[in-house]
Every structure is written in structure tokens, then in C-alpha cells.
Amino acid sequence: MKISIIEDKYITNELVDRVLYSGLDYANQHLDVAIILGSSKAHLYRVPYAVGVYKNGNIEKIIVSGGAVLEKQNGKTESEVMWQAVLEMGVKKYDIIVENKAKTTWENMIFSRELMKKKNLLQQGSYVGIVTTAFHMRRSIKIAEKVFEKDNVNIVPLPGQDNSSRRDNWYKSDKGRKIAFGELKKIITYVQQGVIEDFEV
């Protein structure tokens, strides 16, 4: 079934699981760059996961991407909060690149790509990791593939885990189901609007 033809009547737990989570586990590839996508809680879920991969020697450079202002973080931007967190967790300062303009997932990719190009990190055959929460990974990967499609790089998922929308528990709570079903509908809309390519599930 193509994403573009999915209607509400076709949406089941199994379909949500297949679209959002299936085949998106990190396979321990060595990454030239990992882009951590910002959110209000990225420093709690996404950053620790990426830092763990970095400390295992599998990430060369980390881009913290996000320009939204976080009122609960004293008005700091997402990237500022993540930058502080990755430093405190032991990432070397020269391995961190700050992208502080992005307000959407699309902009995360666009502006991070611009920085990679500027810093000569966008090399043919490079491995570029995308770090976000698991439920958000499919849409993020599809957007990354679109943005980087002419660069001949390998896009790799690094799905961090939050409390309520993991693959093993999203369907167990109203909050998790709302998040997952909402994300699937965003993907369908993106495909129907031509923002990302249609694909089979």
C-alpha cells in the first residue's frame, strides 16, 4: 500500500508500527556527521543517545540543530540547550557544530546541510546520522533523503527513545496513541502535498 492512499479506515496499530518504526534501527555504522534535531526535550532523550554513540567512537561530528526559543530553559534556543548538554556529557567542543536557525524538521535538514557544505563535511559517500525520537524518525529520514538527494550521502537513523511513544509502548496510552496517529497523518499529508516522496508500506 502506498502512503498516499491511506485513509483513516485503513489505520491500525500494525500499520502505525510499520510506517513509524519498522526498519529504522541504528545498525552501528560509523558516521561522519550526526544531526540532532531540536525539541523542547531533545536534551533529555535525543542528546544522551547520540552522545553514547559518539563515545563508542561511531560519530565524528555532531550538529545540534534548532532555533526555537524554549521558555522553560530561560529563553535559550534548542541548539543552545543541546550544546550545553553535549558538552557536559563529554563531547569535545571542536566536534560540535551549532545550527541555531531551524524552526521545522525541513529547516533542520536544510540549514544543517548548508553548515556541512561550508565546513567541507558534505563528501560523496559520507554517512549522515539523523537523531530524533523514534516516532518522528520516518518523516525525518524522508525529509533528509529529499534534502540530501543530490549529494550521494548515506542517511542513517539514530532513534532516541522518549517515555510514551516508543515502539514497545505507544499503543498502551492515550498520549502515545495520539502522538503516533498524529505523526502518521503528518506523513500522509507530506506525501500528498509532494513535500516528501510517496513510498510503499
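For reference, positions follow the sequence shown, starting with 1. Keep in mind that the numbers below use all heavy atoms, side chains included, and drop hydrogens, waters and symmetry copies.
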Under 3.5 Å: donor-acceptor pair, side chain of Arg46, backbone of Leu37: yes
Can you find a pair of side-chain heavy atoms, one from Asp17 and one from Arg167, that are under 4.5 Å apart? yes
In this structure, CG of Leu24 is separated from OG of Ser140 (nearest 0.5 Å) by 10.0 Å
Using the rule given for salt bridge (charged side-chain N to carboxylate O under 4.0 Å, His left out), can you reason through Lys101 versus Glu107, listing the C-alpha separation, both sets of side-chain angles and the distance that settles it, and then say yes or no? CA-CA 8 Å; Lys101 297 187 297 182; Glu107 290 181 349; over 6 Å; no
Any side-chain heavy atom of Tyr45 sitting closer than 4.5 Å to one from Asn163? yes
Closest non-hydrogen atoms of Pro48 and Ala42, given as atom of the first, atom of the second and distance, are CD-O, 4.3 Å
Same cluster (ILVMFWY, side-chain, under 4.5 Å), Trp83 and Val53: yes
Answer yes or no: are there more than 12 heavy-atom neighbours, outside Asn28 itself, under 6.0 Å from its atom CG? yes
Test item: side-chain donor near acceptor, Glu88 and Gln84, under 3.5 Å: yes
Does any N or O in the side chain of Ser164 come within less than 3.5 Å of the main-chain N or O of Lys175, such that one atom is a donor and the other an acceptor? no
Crowded around Glu197 CD? As in, over 12 foreign heavy atoms under 6.0 Å? no
Mind checking what makes side chain to side chain contact (heavy atoms under 4.5 Å, CB included) contact with Gln29, not counting sequence neighbours? Tyr26, Ala27, Leu31, Tyr127, Val156
Value for CE (Met82) from CG (Leu70), rounded to nearest 0.5 Å, stands at 9.0 Å
Please determine whether residues Val86 and Ile130 belong to a single hydrophobic cluster, defined as Ile, Leu, Val, Met, Phe, Trp and Tyr linked transitively by side-chain heavy-atom distances below 4.5 Å. no
Establish, for the pair Arg138 and Tyr21, whether the NZ or CZ atom is under 6.0 angstrom from the six-membered ring centre and no further than 45 degrees off its axis. no
Of all residues at least two apart in sequence or in a different chain, which pass the salt bridge (charged side-chain N to carboxylate O under 4.0 Å, His left out) check with Glu200? none
Taking atom NZ of Lys118 as the centre, does the number of heavy atoms from other residues, nucleotides or ligands within less than 6.0 Å exceed 12? no
Ion pair check, Asp151 and Arg113, cut-off under 4.0 Å: yes
Charged tip of Lys142 within 45° of Phe199 ring normal and under 6.0 Å: yes
Which pair of heavy atoms, one from His43 and one from Ala85, lies closest together, and at what distance? CB-CB, 4.1 Å
Nearest-0.5 Å distance, CG of residue Asn108 to CD1 of residue Ile143: 8.5 Å
Under a 4.5 Å cut-off applied to non-hydrogen side-chain atoms, are Met137 and Thr133 in contact? no
In short, salt bridge (charged side-chain N to carboxylate O under 4.0 Å, His left out) pairs touching residues 51-61 with sequence neighbours left out are Lys61-Asp95
Heavy-atom neighbours of Lys119 NZ exceed 12 at 6.0 Å: no
